[in-house]
Amino acid sequence: MEAVVRGFTIVPQGLADQNVSMADSGDADPSREDGLLTTREVEVLRLLAEGASNKLIARRLGISIHTAKFHVASIAAKLDATGRTDAVAQAIRLKLIML
């Protein structure tokens, strides 16, 4: 039996070796069956695609600039992107967002 805590899935000892995707945690974008990005990361990604700065992303989503920077870095890492523009290009290629 596993417990779900926002953004994490807690599994009993011995089952931790099994791969647990973010989709299993309920925090992933429902349109992505592989659970690559969280719902919030998809929101940030859409704003990135519009050319929004971290400051504007923070204002629009009601989060701190530090949190916006964290989300941008997380998106870039998950998409294996070299920066903001590359992250948007990768997301378009992977059909995570549409322009």
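For the single chain, residues carry numbers from 1 onward in sequence order. These values consider heavy atoms only, across backbone and side chains, with no hydrogens, waters or symmetry-generated copies.
Under the side chain to side chain contact (heavy atoms under 4.5 Å, CB included) rule, Leu96 has a single partner from Val88, Ile75, Leu36, which is Leu36.
Here CD of Gln90 is found 4.0 Å from CZ of Arg93. Values are rounded to the nearest 0.5 Å. A distance of 10.5 Å separates OG1 in Thr67 from CG in Leu61, rounded to the nearest 0.5 Å. Interatomic distance, NZ of Lys78 versus CD of Glu41, reported as 3.5 Å (0.5 Å rounding). We find the CD1-NZ distance between Ile57 and Lys69 to be 11.5 Å, quoted to the nearest 0.5 Å. Rounding to the nearest 0.5 Å places CZ of Arg46 at 8.0 Å from CD1 of Ile97. Atoms OG and CG, on Ser53 and Leu47 in that order, are 10.0 Å from each other to the nearest 0.5 Å.
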### Query
So Ile63 and Arg40, side-chain contact (heavy atoms from CB on, under 4.5 Å) or not? Walk me through it.
CA-CA 11 Å; Ile63 58 178; Arg40 179 61 93 184; 4.0 Å; yes
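Closest of all the heavy-atom pairs between Arg84 and Leu48 is NH2-CD2, 3.2 Å. Heavy atoms only, all atoms of each residue included: Ala87 and Ala76 are closest at CB-CA, 4.4 Å.
Clustering ILVMFWY residues whenever any of their side-chain heavy atoms sit less than 4.5 angstrom apart, transitively, puts Leu94 in the very cluster that holds Val42. One hydrophobic cluster, built from ILVMFWY side chains closer than 4.5 Å, holds both Leu45 and Ile92.
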